Number of protein chains: 2
Amino acid sequence: MNIGEVAERAGLPPKTIRYYEDIGLIRPMRSANGYREFRDRDLHKLAFLGRARALGFSIEDCRTLLALYEDTERESAQVKQVAQEHLVQIDAKIAQLESMRATLAHLIEECRGDHRPDCPILEDLSAALQ
Amino acid sequence: MNIGEVAERAGLPPKTIRYYEDIGLIRPMRSANGYREFRDRDLHKLAFLGRARALGFSIEDCRTLLALYEDTERESAQVKQVAQEHLVQIDAKIAQLESMRATLAHLIEECRGDHRPDCPILEDLSAALQ
DNA sequence: GCTTGAGCTTCCAGTCACTGGAAGGACTAT
DNA sequence: ATAGTCCTTCCAGTGACTGGAAGCTCAAGC
């Protein structure tokens, strides 16, 4: 398979696939013409990466997960730990966004949003000292 | 005020304040020795920026909000619109994270996390191809 | 055989909002 | 005079791509 076909099937842009090769996540073969030649195994890895990225794992986490995936001697505890640490990060981000959301939604409610200049949103932002 | 004091009082690192000057958000004066000389107005702006950034507004949004803040002729509707668009983005991010969280939490529950290699998390990731 | 267009290659630069570090000048206290 | 802290500028790196330029390869049609 060339990069276009594998991109289609893995659901990743060709640019991203080249980038993943650059950083050593995959190692496709090369045809005589210099084109990358992807095998099923590469496609499978790329799909794995796409799914892991969609779950928000960092590239370094993906590297770890891929290594665990290829290691038939792995202990599932190792995988679970990576996933649990990621879940903690996700929860932290959600909490931060919820907090922003609450403040912002409150300010928006207070603001009349008309042609007059007085605005509780700007008042809040400008009252940030202390 | 020098940059150290204003950094302390605005709650922003000096590096960030220099960066904000670089991109034209603030324009502190200069003392004869080449040091930046911040006035109350600059401090106020920096605190405004810190608060807006803490609410997740992008730098470009901050630029807009700061301009509206300084424009006594503004209509509060303009401010409200910027804030509402930002709220939509926050909601989208929260939804995305909640979706990731749900999938990940489910997979983590399923995984025994012991010394054996079989792992529903890796199985899910590797089953990404249709 | 030639042309056209799509697909592939590499390389460089840009994104966003900083952050770290180096090299060196200015100020303060002893 | 010295030491230590604060300030300056400039350059490079972060994460994970993404856009674009310049050029090679391939398949189809005339």
Side-chain angles (χ1 to χ4, degrees), chain A residues 1-38 42-43 45-46 48-66 85-86 89-90 92-93 96-97 100, chain B residues 1-38 42-43 45-46 48-66 85-86 89-90 92-93 96-97 100:
Chain A
M1 283 174 279
N2 283 348
I3 201 168
E5 186 183 346
V6 90
E8 174 85 13
R9 290 173 63 178
L12 293 172
K15 279 266 182 188
T16 298
I17 296 175
R18 291 191 195 102
Y19 173 68
Y20 286 173
E21 183 186 10
D22 265 7
I23 62 173
L25 285 177
I26 50 165
R27 290 180 200 286
M29 321 239 41
R30 291 290 174 140
S31 304
N33 59 13
Y35 286 17
R36 289 170 183 82
E37 173 65 31
F38 295 85
D42 299 309
L43 172 57
K45 274 194 185 185
L46 286 168
F48 183 104
L49 289 168
R51 176 91 175 117
R53 291 286 301 131
L55 287 178
F57 285 103
S58 71
I59 289 287
E60 286 318 300
D61 279 349
C62 287
R63 201 186 295 277
T64 304
L65 291 171
L66 210 45
E85 281 165 15
H86 179 44
Q89 297 304 310
I90 287 179
K93 267 189 210 160
Q96 192 195 11
L97 286 169
M100 286 177 184
Chain B
M1 284 173 279
N2 284 347
I3 200 168
E5 185 183 347
V6 89
E8 173 84 15
R9 290 172 64 178
L12 292 172
K15 280 266 181 188
T16 298
I17 295 174
R18 291 192 194 100
Y19 173 69
Y20 286 173
E21 182 186 11
D22 264 8
I23 63 173
L25 285 177
I26 51 165
R27 292 180 199 283
M29 320 240 43
R30 293 288 174 142
S31 304
N33 61 11
Y35 286 16
R36 287 170 185 81
E37 173 65 30
F38 296 85
D42 299 309
L43 172 57
K45 272 194 185 186
L46 286 168
F48 182 103
L49 289 168
R51 176 93 176 117
R53 292 287 301 131
L55 286 178
F57 285 102
S58 71
I59 289 288
E60 283 320 300
D61 279 350
C62 288
R63 202 186 294 278
T64 305
L65 290 171
L66 210 45
E85 281 165 15
H86 180 43
Q89 297 303 312
I90 288 180
K93 269 190 206 158
Q96 192 194 11
L97 286 169
M100 287 178 184

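Please read all numbers here as calculations on a predicted model, not as lab measurements. We name chains A, B, ... by the order of the sequence lines, and we start the count at 1 in each one.
- The backbone N or O of A/I23 sits less than 3.5 Å from a side-chain atom of A/R63, completing a donor-acceptor pair.
- At the heavy-atom level, A/P13 lies under 4.0 Å from the strands shown only through sugar-phosphate atoms.
- Distances shown here put a side-chain N or O of A/T16 below 4.0 Å from the OP1 or OP2 atom of D/dT18.
- In this structure, A/E37 places its CD atom 12 Å from P of C/dC8, rounding to the nearest Å.
- In this structure, B/E21 atom CD and D/dT9 atom P are separated by 7 Å, rounded to whole Å.
- In this structure, the nucleotide among D/dC17, D/dT9, C/dT9 sitting nearest to the side chain of B/R36 is D/dT9.
- Here CG of B/L49 is found 7.0 Å from CD1 of B/I59. Values are rounded to the nearest 0.5 Å.
- Looking at B/Y35, its side chain comes within 3.5 Å of the base of C/dG25 through a donor and an acceptor atom.
- Rounded to the nearest 0.5 Å, atoms CG (A/L12) and OH (A/Y19) are 13.0 Å apart.
- Scanning all heavy atoms of the two residues, the minimum distance from B/R53 to B/C62 falls at CD-SG, 3.8 Å.
- For DNA chain C, the neighbouring residues in residues 54-66 of chain B, judged by any heavy atom under 4.0 Å, are B/S58, B/I59.
- Atoms CZ and CD1, from B/F38 and B/I26 in turn, are 5.0 Å apart once rounded to the nearest 0.5 Å.
- Although no hydrogens or angles enter the test, the distance criterion places no donor-acceptor pair under 3.5 Å between the side chain of B/E37 and the main chain of B/N2.
- When distances run from any side-chain atom of B/Y19 to the nucleotides D/dT18, C/dA17, D/dT8, the shortest one goes to C/dA17.
- Between B/L25 atom CG and C/dC16 atom C1' there is a gap of 13 Å when expressed in whole angstrom units.
- In this entry the distance linking CZ of A/R30 with P of C/dC8 reads 12 Å, nearest Å.
- Summary of the strand contacts: A/A32 and A/Y20 both lie near DNA chain D, and taking for each the nucleotide with the nearest heavy atom, the more 5' one is attributed to A/Y20.
- In this structure, A/K15 and B/K15 both approach DNA chain C, and ranking their closest nucleotides by distance from the 5' end singles out A/K15.
- Contacts of B/I3 with the nucleic acid, taken as non-hydrogen atoms under 4.0 Å apart, involve only primed sugar atoms and P, OP1 or OP2.
- Remark: A/R53 is in phosphate contact with D/dC17, judged by side-chain N or O atoms under 4.0 Å from OP1 or OP2.
- With rounding to whole Å, A/I17 atom CD1 is found 14 Å from C/dG7 atom C1'.
- Atom-to-atom, CD of A/E5 to P of C/dA6 comes out at 19 Å; the value is rounded to the nearest Å.
- Contact between the side-chain N/O atoms of A/R18 and the OP1/OP2 oxygens of D/dA16 is not found at any separation under 4.0 Å.
- Phosphate proximity of C/dC8 to A/N33: absent, as no side-chain N or O sits under 4.0 Å from OP1 or OP2.
- One distance of note links CG of B/L66 with OH of B/Y20; it measures 11.0 Å at 0.5 Å rounding.
- For the pair A/I23 CD1 and D/dC17 C1', the interatomic distance rounds to 9 Å; values are reported in whole Å.
- Summarising the geometry, the separation between CG on A/L12 and P on D/dA16 is reported as 14 Å, rounded to the nearest angstrom.
- No option in A/R30, A/R27, A/K15 other than A/R30 meets the salt bridge (Lys or Arg N to Asp or Glu O under 4.0 Å) test with A/E21.
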